[in-house]
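I have placed the structure first, in the form of structure tokens, so that the comments after it can refer back to it.
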Amino acid sequence: MSESGKPLNFLEHLIEEDLRNGFKKELLRFRFPPEPNGYLHIGHASSICLNFGLGLRYGAPVNLRFDDTNPTKEEQEYVDAIKLDVEWLGYSWAKECYASDYFQQLYDWAEDLIRAGKAYVDSQKSEDIAKQKGTPTEAGVASPYRDRSVAENLELFRKMKAGEFPEGAHVLRARIDMASPNMLMRDPVMYRILHRSHHRTNTEWCIYPLYDWTHGESDYIEQVSHSLCTLEFAPHRELYDWFLDQVVEFDKVRPKQREFARRNLSHTVVSKRKLLQLVQQGFVKGWDDPRMPTISGLRRRGCTPEALRNFAQTIGIAKRDNVVDVALLDFHMREHLNRVAPRVMAVLDPIRLVITNYEEAKVEWLEAENNPEDPQAGSREIPFSRELYIERDDFREEANRKFFRLRLGGEVRLKNAYIIKAEEVRKDAGGNILEIHCTYDPKSKSGSGTEESLRKVKGTLHWVSAPHAIEAEVRLYDRLFSDPTPDSHKDRDFLEFINPESLTLVRAKVEPGLATAQPGDRFQFQRMGYFCLDPDSTPGNLVFNRTATLRDTWAKLEQNEE
RNA sequence: UGGCCCAUGGUGUAAUUGGCAACACUACUGAUUUUGGUUCAGUCAUUCUAGGUUCGAGUCCUAGUGGGCCAACCA
């Protein structure tokens with residue numbers, strides 16, 4: 001059953017087993033159930049890829065269901081953002097569902113539970129109910145209201161619904177077992193009174209169901225066959241099943257909850273609360289700041305949906321605690337971008353280079369390959385002239401043999417252009433290099449086929465023609481936290497590990513063709529990395545975000561020698 | 001001092017359900033290269049511990065150790 005020999009994760013094994021035991025493949029159905037109270041992050045991406053991936057594998061529908069039972073935290077803004085993120089990842093849901101669509105059905109079932117003596121209205125304060133819950137090692141005690149009559153319960157519950165009580169006056173509780181070793185089974189609250197406007201039902205309801213009562217029943221209503229959630233819900237499964245027991249009919253699919261470990265990413269935090277904190281306290285500029293592990297942040301940074309999907313596929317799904325190295329995400333971004341990103345030349349830290357034997361006002365338009373990995377990508381023409389910019393790091397007055405770049409008296413190839421030789425440097429009074437003066441070999445033009453053009457020189461540099469270059473703002477992003485697991489330290493706050501150099505702004509010189517780039521366009525700045533045009537860009541002020549650097553074995557070499 | 005879950009290289013996941021521990025990333029070698037990129041080749045493990053069952057255990061059993069989760073009118 002496993003197509004293409006791909007190994008199955010434990011959930012796929014479970015489904016295969018269900019299928020072998022006679023569960024009909026046509027009845028498979030999944031869902032992705034976000035709460036619209038924040039932006040989706042890379043952990044959600046994993047869950048999306050899991051559920052929609054299962055849908056694709058088995059040809060089963062996957063619903064997008066908003067778990068919108070808490071009007072105090074949920075907003076339409078988040079619904080819209082979530083839909084955009086799921087679509088951007090490349091998935092289509094079968095139905096767009098809302099738990100709030102089921103409020104009436106849930107209410108009717110709740111009345112049934114009351115009639116069956118399986119739910120009661122408790123009129124105590126929240127703190128008292130909490131106290132009576134007991135502890136993991138001690139049984140709870142029964143509420144004084146636990147044995148109210150059905151008639152009284154029904155009457156109170158209806159009045160709750162009718163808005164006759166203030167918030168906190170009563171709750172509806174399931175009547176299960178105050179001594180259960182599972183605290184969730186100690187008469188969990190099903191409904192609370194909330195005089196709040198809901199983003200979809202407005203003020204129609206003033207009682208709202210809680211997660212446990214809502215989620216499984218929503219799965220059942222939608223006939224979801226496998227309801228997958230993260231590990232912290234494992235203890236909820238017993239309650240999920242208990243609630244289901246109260247409503248299932250024999251000819252319907254009974255949803256099955258199974259749990260997997262959330263994916264943790266190194267050098268970041270993946271918790272809505274902490275991400276919110278980063279936004280609210282101004283450590284980042286918003287939910288879609290390119291340093292954020294949110295889907296919107298990754299998108300803005302220039303990550304592709306393919307890269308994210310491949311990443312999710314590679315890290316897989318299991319039950320053990322994990323910290324996925326962010327280097328793996330970088331790998332997948334590079335891996336995809338290498339295939340699709342057009343090459344372009346941009347100098348991030350420019351220094352002027354003058355070719356003294358090149359004619360003063362001459363301009364040559366040289367052919368440059370757009371992507372050596374993709375012949376279909378074609379080529380473009382770039383201007384070459386007497387004055388250029390090269391990367392400051394690419395020149396040294398003196399250097400050892402390992403330095404393949406330009407040094408005084410040394411030769412280097414200018415990418416797509418000529419071989420040049422550094423003759424002298426001009427400095428200011430303070431000894432800072434102002435200009436590098438070079439000569440070029442006119443016969444060494446790239447692609448000309450001459451003997452001189454075929455000469456092997458060790459280094460190749462990127463460059464831009466000074467009179468033609470356009471300026472651009474480039475935002476160099478680095479990991480947000482310097483510690484691999486910032487939120488795992490017992491006595492230290494994760495904010496202490498913020499990397500002060502997570503963003504560096506730079507004024508770069510880029511080749512003129514970039515003037516027409518559109519926000520979202522992705523490029524490889526040759527020898528520098530992958531970059532994406534930011535929505536902050538205006539026609540006169542290009543802004544690029546660094547998506548990922550290129551692998552840099554030279555930087556490693558240098559570092560190891562220090 | 002209750003219940004539940006988990007344990008395989010530095011990291012993440014596999015192992016045809018009891019049959020030579022595999023894949024990817026990282027790191028390190030080397031080759032190729034007009035991107036110090038890409039590509040290619042190679043190196044890196046007593047499967048947490050101790051017993052047991054078995055011809056044979058990463059897989060099954062027992063005990064231990066370590067980690068995680070559970071006491072919101074959040075999801």
Side-chain angles (χ1 to χ4, degrees), chain A residues 2 5-9 13 33-35 37 67-70 72-74 122 125-126 129-131 133-140 167-168 170-173 180-184 186 188-194 207-208 210-212 214-215 229-238 259 261 263 266 272 313-325 327-332 334-335 338-339 343 345 369 372-373 402-405 413-417 419 446-447 453-462 484 524-529 549-557 560:
Chain A
S2 73
K6 256 185 292 174
L8 305 184
N9 63 45
H13 279 298
E35 183 190 10
N37 70 342
D67 230 332
D68 56 349
T69 57
N70 187 354
T72 63
K73 292 204 272 184
E74 294 150 5
D122 198 335
K125 282 189 301 200
S126 159
I129 293 177
K131 262 181 238 155
K133 278 244 156 127
T135 69
T137 52
E138 298 165 87
E167 289 184 11
H170 308 277
V171 291
L172 183 74
R173 287 229 257 171
S180 171
N182 182 347
M183 306 261 322
L184 290 157
R186 324 243 260 226
V189 175
M190 295 170 68
Y191 278 94
R192 78 286 216 189
I193 297 168
L194 244 31
I207 55 172
Y208 290 90
L210 276 95
Y211 169 84
D212 287 299
T214 310
H215 201 90
C229 60
T230 45
L231 238 34
E232 65 270 26
F233 289 97
H236 294 246
R237 187 150 114 197
E238 190 181 359
E259 311 83 17
R263 315 319 294 179
S266 76
K272 271 189 205 169
Q313 176 66 237
T314 304
I315 64 179
I317 290 292
K319 293 187 78 165
R320 53 174 159 165
D321 293 341
N322 59 85
V323 183
V324 180
D325 194 333
L328 187 60
L329 212 213
D330 291 338
F331 166 79
H332 281 286
R334 291 190 191 111
E335 199 263 335
N338 177 50
R339 286 182 279 130
R343 271 56 169 175
M345 292 203 280
E369 203 177 10
E373 303 299 315
K402 283 187 188 164
F403 186 77
F404 300 162
R405 307 173 182 191
R413 155 78 63 186
L414 291 178
K415 180 82 185 165
N416 302 313
I419 294 173
S446 285
S453 75
L454 268 15
R455 271 177 58 211
K456 296 284 176 202
V457 277
K458 194 63 187 164
T460 301
L461 306 186
H462 63 281
Q524 185 197 93
F525 289 180
Q526 283 199 309
R527 303 210 302 138
M528 295 282 99
T549 60
L550 254 28
R551 279 185 67 215
D552 191 348
T553 50
W554 166 242
K556 260 180 227 158
L557 236 173
N560 291 344

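A quick note: this is a predicted structure, and the numbers were derived from the prediction, not measured. Per chain, numbering begins at 1; letters A, B, ... match sequence-line order.
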Over how many whole Å does the gap from [X] atom [atom1] to [N] atom [atom2] extend?
X        : N     : atom1 : atom2 : value
A:Arg527 : B:U34 : CZ    : C1'   : 11 Å
A:Arg551 : B:A24 : CZ    : P     : 14 Å
A:Glu138 : B:G2  : CD    : C1'   : 10 Å
A:Arg192 : B:C73 : CZ    : C1'   : 6 Å
A:Glu167 : B:A72 : CD    : C1'   : 15 Å

In Watson-Crick or G-U wobble terms, with both distances under 3.5 Å, the base opposite B:A7 is B:U65

For [X], report the nucleic acid contact type (base, sugar-phosphate, nothing); a contact means any heavy atom under 4.0 Å.
X        : answer
A:Val171 : base
A:Lys456 : sugar-phosphate
A:Ser446 : base
A:Ile317 : sugar-phosphate
A:Pro372 : base
A:Leu194 : nothing
A:Ala318 : sugar-phosphate
A:Arg186 : nothing
A:Gly447 : base
A:Phe525 : nothing
A:Val323 : sugar-phosphate
A:Lys556 : sugar-phosphate
A:Ser180 : nothing
A:Asn9   : sugar-phosphate

Looking at [X] and [N], is any side-chain donor or acceptor paired with a base atom of the opposite kind under 3.5 Å?
X        : N     : answer
A:Arg334 : B:G37 : no
A:Arg413 : B:U34 : yes
A:Glu373 : B:U39 : no

Atom pairs, N/O to N/O, protein against nucleotides 64-70 of chain B, distance under 3.5 Å?
residue: B:G68; atom: O4'; partner: A:Asp321; partner atom: OD2; Å: 3.2

Which of the following nucleotides, B:U1, B:C74, B:A24, is nearest to the side chain of A:Thr137?
B:U1

Between A:Phe331 and A:Ile193, who's closer to the 5' end of RNA chain B by nearest nucleotide?
A:Phe331

Pick the closest RNA chain B nucleotide for A:Ala327 and for A:Val457 by heavy atoms, then say which residue is nearer the 5' end.
A:Ala327

Provide the distance between the two [atom1] atoms, one in [N] and one in [M], to the nearest whole Å.
N     : M     : atom1 : answer
B:C61 : B:U54 : C1'   : 12 Å
B:G10 : B:C6  : P     : 23 Å
B:G9  : B:A22 : P     : 14 Å

With syn defined as a glycosidic angle within 90° of 0 and anti as the rest, where does B:U17 land?
syn

Please determine whether side-chain hydrogen bond (donor to acceptor under 3.5 Å, both in side chains) holds for the pair A:Ser446 and A:Arg413, giving the CA-CA distance in whole Å, both sets of side-chain angles, and the decisive distance to 0.1 Å.
CA-CA 9 Å; A:Ser446 285; A:Arg413 155 78 63 186; 3.2 Å; yes

Would the distance check show the side chain of A:Ser180 and the main-chain N or O of A:Asn182 forming a donor-acceptor pair, the cut-off being under 3.5 Å?
yes

Just by modelled atom types, is the A:Asn70 backbone N or O under 3.5 Å from a matching donor or acceptor in the A:Glu74 side chain?
yes

Looking at NZ of A:Lys415 and CD of A:Glu369, how far apart are the two atoms once the value is rounded to the nearest 0.5 Å?
7.0 Å

So, is A:Thr460 near the phosphate of B:U34, with a side-chain N or O under 4.0 Å from OP1 or OP2?
no

Are A:Ser266 and B:U11 close enough that a side-chain N or O sits under 4.0 Å from OP1 or OP2?
no

Quick one: which protein N/O atoms are closer than 3.5 Å to N/O atoms of nucleotides 16-21 of chain B? Pair and distance per line, please.
residue: B:U17; atom: O4; partner: A:His13; partner atom: ND1; Å: 3.2

Under 5.5 Å between ring centres and under 30° between planes: true for A:Trp554 and the base of B:G36?
yes

Aromatic plane relationship, A:Tyr211 with A:Phe233 - under 30° parallel, 30 to 60° tilted, over 60° perpendicular
tilted

